[in-house]
Every structure is written in structure tokens, then in C-alpha cells.
Amino acid sequence: MDIITTEKLTFQYEDSHRKVLENFDLTIEKGKFTALLGHNGSGKSSLAKLFNGILLPEGGKVYVSGMDTQNEQLLLDIRKCCGLVFQNPDNQLIASIIEDDVAFAPENLGIPSEEIRQRVDDALKCVGMYEYRMRSPHHLSGGQKQRVAIAGIVAMRPSVIVLDEPTAMLDPKGRKEVVETIQRLNRDYGITAILITHNMDEAALADRIVVIEKGKILLDGTPKEIFSEYEILKATGLDVPQITALSYELHKAGFPIDSCILSVEEFVEQITKVL
Amino acid sequence: MLKDITIGQYYPSESVVHKLDPRLKIILTLVYIVAIFLIRNFWGFLLLAVLSILLCKVSKIPVGFLLKGLKPLAVLMVITALLNLFMTDGKILWQLGFLKITQEGIILSAFMLLRILFLVMGTSFLTYTTTPITLTSGIESLLKPFSKIGVPSHEIAMMMSIALRFIPTLIEETDKIMAAQKARGAALSEGNLIQRAKSLIPILIPLFVSAFRRADELAIAMESRCYHGGDDRTKMKELKYGKRDTIALFVFAICLTGMLMLNLLGASL
Amino acid sequence: MKITVENLSYIYAPGTPFEKAALRDINFTIESGDFVGLIGHSGSGKSTLVQHLNGLVKPTDGTIRIGERVITGKHADTKGLCFTVGLVFQYPEQQLFAETIYQDIAFGPSNMGLSPAEIDLRVRTAMDLVGLSPDLMEKSPFSISGGQKRRVAIAGVLAMEPKVLILDEPTAGLDPKGRDEILNSIRKIHKQMDMTVILVSHSMEDVAKYCDKLLVLNEGEVVLSGTLAEVFHHADTLTDIGLSVPQVTLAVHKLREKGIEIAENVFTVSEAISAIMKLRG
């Protein structure tokens, strides 16, 4: 089943002549972990905001769980269903105490106090930040703040969680924490995850990668399929993991190994056989 | 560093004082502020000092932490004390040119110093023992009756809690921008007044730009989390006025009466 | 310019509940002309350390020498130090403030008290070094793209013509293309201007590609230092503190463990290709 569908979606900002997205058709399958890949200015961040009705299409449609984002009456339901996490964790936490911040969305939804308490505790446990519930955001590391931001979305009990470059401002440890949290949400809680990123190592963990370039879909497939399009990715200015680049180049030079290897272990195994 | 300011910070602990109804705490703090100005002699301050230490114990706030909050106000306090010391007429104890110290001056400046001291410490108790968000929901709830006459109680509370949330962030940011401009040779504390004012431009402009960007991103994040004003909003932490609040109210009333009674011991001013 | 750091310690907010030893007994030497990568997690003390090197932060204990100058202790000579040791902060575009790009880049040189002609020359040279077109000079620094803003900010430090250039995570938040462009500019600047460069980063792939030497910091202490080969040799130590070695280096280590006689010092994809090609003869 599809949870998000865009039909001939066209969008541009008022102060610009360039179309950010043009006739953009994309469907996101429920329960899957999808990575949207593209470099800065490719239109991927606008897409995130189109998914939950923060931005509205200029042409075409966006449906979230069957709801048209242009229907104002459904706006709260759409936002409840499709939660957004942004790049800068500092600019999305609104309360000075972690648990109060996580409670923000359920409070907006008018949920009874006892249930909010329950949801907040669940959400914080789910991202592994329960012990920190009474702390202030500015005493946390970037990765921890971002996990709190995710908890703030999880507390809405959404079907989809869209993360717009959630790791861009984090160090490797923070990145790992956040990515593992996303994977857990997807695997254990069945939440559809859409990760917008330009980090290839993170995208490699998804079920499906969609590469966006100049407002259009350039590639769409499993990580393996995408990374085997080494030349296209390179021309677009995107990276592939070192080991994938190495296997591609060696394959091209006539080594009988796969052209697209994603892990060091697999590479070592294949190359030992032919050396 | 700017980060060291403790005024307005919350001191996490599980004490009885922390659990009191914020509305009660706000009202009592207001009464307390008025009461300080009613104290007429040093006995009153002595009692206040004893009560403050007791309150520290009960609320599990280290006395040192409370005193540290006074540091940023040291300059203000010294100026007030000096002004009162030299500007009060009365029995002259020492004189040099136009500067004179009088007996009344000494007493008055000590009095003023104590007033500021207890004013800051007392009100700090409110912020140390109440999370900013509880504090704002207290204010929101106290202002609610006025919303009929057009006071936007929810909006005021929301603005306050956002301001509180972002103060540490913006302070950190100011520190960082200052360091970065210093790294380009900016002279921040040299020259005359005009030069100093000018040297603030490289700090203020980036700070404003960043504050606007943050505001913009925050607004989008809030909308994404289904924020749509104060209507139909619930609260995780409902304010409940309970038995312990009544007890606290009585304790406060007794202390207040005691303090005012001490005025009878001899009015020094 | 040579940098010597001896027994450097820094305690943050001493005497308060927030007291923390941010740096502990740091010792290292950076030779003139080195391109050094400074690696560590957020909170490892990297940013505090680099702010010591241009005198913004005073150490609690220890000695720092920049060239012949001792910049610590009672008789510290820190006047104009920030012009000798240029420091580009994290997200430097957030410190842009002037009306035009030209004025912003000229801020550092004018604080040095240089003549207008000299300032003009330096601004133009700096813009050229970071790859900014001269047409942008009169534009507002707030009207250009994020990547360009960062170049302007870097040019603002370059225009002071420092002998040592320190960049605190200059690629944070950039996409791969933006990252490569910035790092290639830095490499060019290092060669052309004969500067000592310290690159603070948490990307092993990046430092492996651009730096000659590495300094690894963890919880305020230097855990590893030396050439790329010397540091990456300790893959286990790096993994223990949550850092990694580049994937290709790891692959080569694993191959050697299996008894395959492959060249050991492999840090980039192209080095790995030639090492494997050599095996095949």
C-alpha cells in the first residue's frame, strides 16, 4: 500500500523563476525505509515540506494516506500522520525541558493528560532518551537533541516520519545514534521512514533509494542498483562509499568481482578469491 | 563567560518546593517582593536570611548556587551601595572634599544592599524550583481570566517559554560570534564610546540574522507538530492546587507576619 | 610556521558545578608547512584546542610556541596573534555581517591597519584563492548560496595572510560536491601560500585524502599522532573511541591479515587500485 503519493507535482518559490520540482511523480510504500538522495538545491527539502502541507503544490497533487494536502480541513490529520524532523535540532525543540518538548505535539492535538504522559514516556524510551527527560536541550549533544526531536514526532503516533538531513550537523557518533534510531522506528515500530540525505553511507541502509536531480527523479531502486550507477552518481556530484568505488574501478579494470560491493567484508571475500 | 549566568535557570530536584503549584509560587513571590520593601530593621533581614537558608535546605538547592546567581549583579549592587553611602545626609563620620560618609549613609547603603540581595535571591527561588514551562503555564493560568478583556494569555505564555528556551542558545551563539570576530582582529572593548558601539555591528548583525533564521525554522517545526494556537489545546502537566500548597501558603503567611512583627522591635529607618 | 604545544591543560569553568577538564596534558609539534588533520568527536576538545593556538583561549597550564613566540604564561606575546594564526570557525558563514562581500573580506585586513591599496590587493587575492568570481565583490553576502557564503568567510581569514591556517570543520553541512570544492581550494592554498594548515574534521576519508599528518583527540587527550600510516596503523584504537579508518584502509588491513602481501599504506581509492593492480603484476 502507498502512504504518500505525488502526482505531477510542480513547485516553485515565489521569489524564484526556477521550478524546484516539475511533474514529479513518486509513491512511497507503507512500512518501507526510503532514502531521498540529492545535493543541495536538488529540491529534496522542499519535497519534505510538501509532504505535510507546510508548502502547497503549484501544480499536481500530494496525497498522504489518501488525504489531499490542499484540503485545509485535513491539515492537522495530515501533519499528525506525516511527521517532519529537520536538520538543525536546536531550531525545532521548543521547550526547556525534554519531556515538555516531546509533549508539545500531543498537547496541540488535544489529547487527555494521562495519555500524553504515556505517549511521551513511550516516545522517549523508543529513542533511548528516557533517562534524560528532565534535562534541558542545551545540555545534550547534537545526536541526543536530534533523538529528542524524533521523539517529539513519534509522540504524535505518525504513520510516516520524514527526516530532512537529520545528521548533517552531527559528528559520526551522533550520526550513528540517529540512523540507528530511524532504523529501529522503521523495523520495530513499523513506521514508514523517509530519510532525506546526501550521505551515501546512510542511504545504503534504506530499502530503496530515490536520487533527485534538478527537481526530477534521476534514479530509483535498491541501494545495490543505485550504487552500480557509479558514473551517473559521480556526474551528479554524489559520492559512493569508498569500497563501492573501489570495486567498480577494479571491475572495470577486468577483475572478476562484482561492480557494486557495499561492505568491506564482502569486498575482502571476493577479492581474496581472485588474487 | 556569558554562560555562567544562573539567574532564571532551573535547578532540577525532586523537592516539595519544586512540586508546589506554580500559580501559588508566583503570587507568593509577588507578595514577597512587596514585603521586602516593608522591612524596617535588620532583624527582619536576619529572619529572612535564616528562612532563605531553610528554604535552600527544603528545596535542595546548594546555598553556593544561590549566591553565584548574584555575581552578575555585583556591579549594580556596588554602585547602589556607593551612591547611598556617599549621598546620604546626616551625622558625618568621615569627609574628604565633597565626599562624605555619614552614619545614616552606612545604614542606608547596607539596607539597600540587603534589599537587592534578598530581592534577587527570593525571586531566584521561583525560577530555580519551577521549570520555565510550568512557570509559563502558571502565568498563562493566572492571566486566563483576563483573556475576556483581550489579554492573549496563551500567546504570552508561548512567547515566554520560547524566549526561555532560546536564551541559552543565543548566549552560546553570541560567545561564538564574538570569538570569531576577535579571530579577525576585531577590537571589541577598545576605544571611545562611538568606536565601541561601532565594533558591536559585526556581532549584532550576525546575531540578528541567525535569530531570524531560527525563528523561521522554529515556526515551521511548530506547525509541523500540529501547532494551531491555544484553542483545543491540552496539557501534559495539569496544574493542581493541593494540600501541600495550602500548607505552604500558611507557612508563608506565618513567616510574613513574623517579619512584619519584627518591625516593632525598633524602626531604624 | 612551527607550532609547539607542551603540557597544555585547560579546565573549563573552574570552581563551579560545571567544572570540566577540557584538555589534559596535550603535547605535540607541528612543523612549518605541514597539512595536519585534527580528528575527534564533538566534545573531544578539538575546538577548544584550536582556540588556544590563536590566543582566544588562555590555557590553565602549559606552553604554546608559535614560531619563536611564546603565547602562553605571564609574558605572553599575543598581540596581533590572530593575524599570524588564522582561525576559520565552524559554520563561518554565520559571522558575515557587512553590506558587501568586499567589505566583509576586508574586515580582517583593515583591523590590521593596512593601507587601502594593500587591503584591496589582499581581498582580490583571497577571493581568487577560494574561487569566488570578482563580479561578486559588490554583492551582499546574504544574497549568495550557502557554499559561496562559506567561501567568503574563509576568504575573510585568508585576506589576513596568516602563516598558519586553522579550519574548524570547514565542510560541515555541505554536500559532497561543495565539500570537494572547499577541500580542493584548501589544498591549493596550502601549496601556493606555503601555509601550515590544520584541518579539524571528523571525516577519516577527508583527512586521508588531504592531510599528511594526523592528531587524534579523545576526551581532551591526544590518543594518536603522526603520519597517516602511523595513525591508521592503530585501527583498533580508533575504533575503540568510535572513530574509524577509511574503508579502503580497513580492507587492506583485512587482506594483510589473511596473509596477502599488499602494500600497507593505502588511504584513498586510487591508492587502493594501484596497490591491488601491483599484486596482479
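Just so you know, these numbers come straight off a predicted model, no measurement behind them. In what follows, every heavy atom counts, from backbone to side chain, and hydrogens, waters and symmetry copies are set aside.
There is no side-chain donor-acceptor pair under 3.5 Å between C:H253 and C:E264.
Electrostatic pairing of A:K252 and A:E231 counts as a salt bridge here, judged by a charged N lying under 4.0 Å from a carboxylate O. A salt bridge is defined here as a Lys NZ or Arg NE, NH1 or NH2 lying under 4.0 Å from an Asp or Glu carboxylate O, and A:D90 with A:K145 meets this definition.
Looking at A:I271, the atoms closer than 4.5 Å to chain C (heavy atoms on both sides) all sit in the side chain, from C-beta outward. In this structure, the portion of A:V264 lying under 4.5 Å from any heavy atom of chain C is its side chain and not its backbone. With a 4.5 angstrom heavy-atom cutoff, A:Q87 does not touch chain C via any of its atoms. In this structure, the portions of A:L246 lying under 4.5 Å from any heavy atom of chain C include both its backbone and its side chain. For C:I260, the part lying under 4.5 angstrom from a heavy atom of chain A is the side chain only.
Per-residue heavy-atom pair counts under 4.5 Å with chain A were compared for C:S270, C:G178, C:G242, C:G173, and the maximum is reached by C:G173. The choice from C:G43, C:P176, C:A272 that makes the most heavy-atom pairs within less than 4.5 Å of chain A is C:P176. Contacts with chain A were tallied for C:H41, C:Q247, C:K177; C:Q247 has the most, counting heavy-atom pairs under 4.5 Å. Options C:I262, C:T268, C:L250 differ in how many heavy-atom pairs under 4.5 Å they form with chain A, and the most are formed by C:L250. Residue with the most contacts toward chain A among C:E169, C:R179, C:Q90: C:R179 (heavy-atom pairs, distance under 4.5 Å).
Taking the six-membered ring for Trp and the full ring otherwise, the centers of C:F267 and C:F232 sit less than 6.0 Å from each other.
Between A:Y230 and A:Y248, the angle of the ring planes lies from 30° to 60°, which puts this pair in the tilted group.
Geometric assessment of A:K125 against the ring of A:Y130 yields a positive cation-pi assignment under the 6.0 Å and 45° thresholds.
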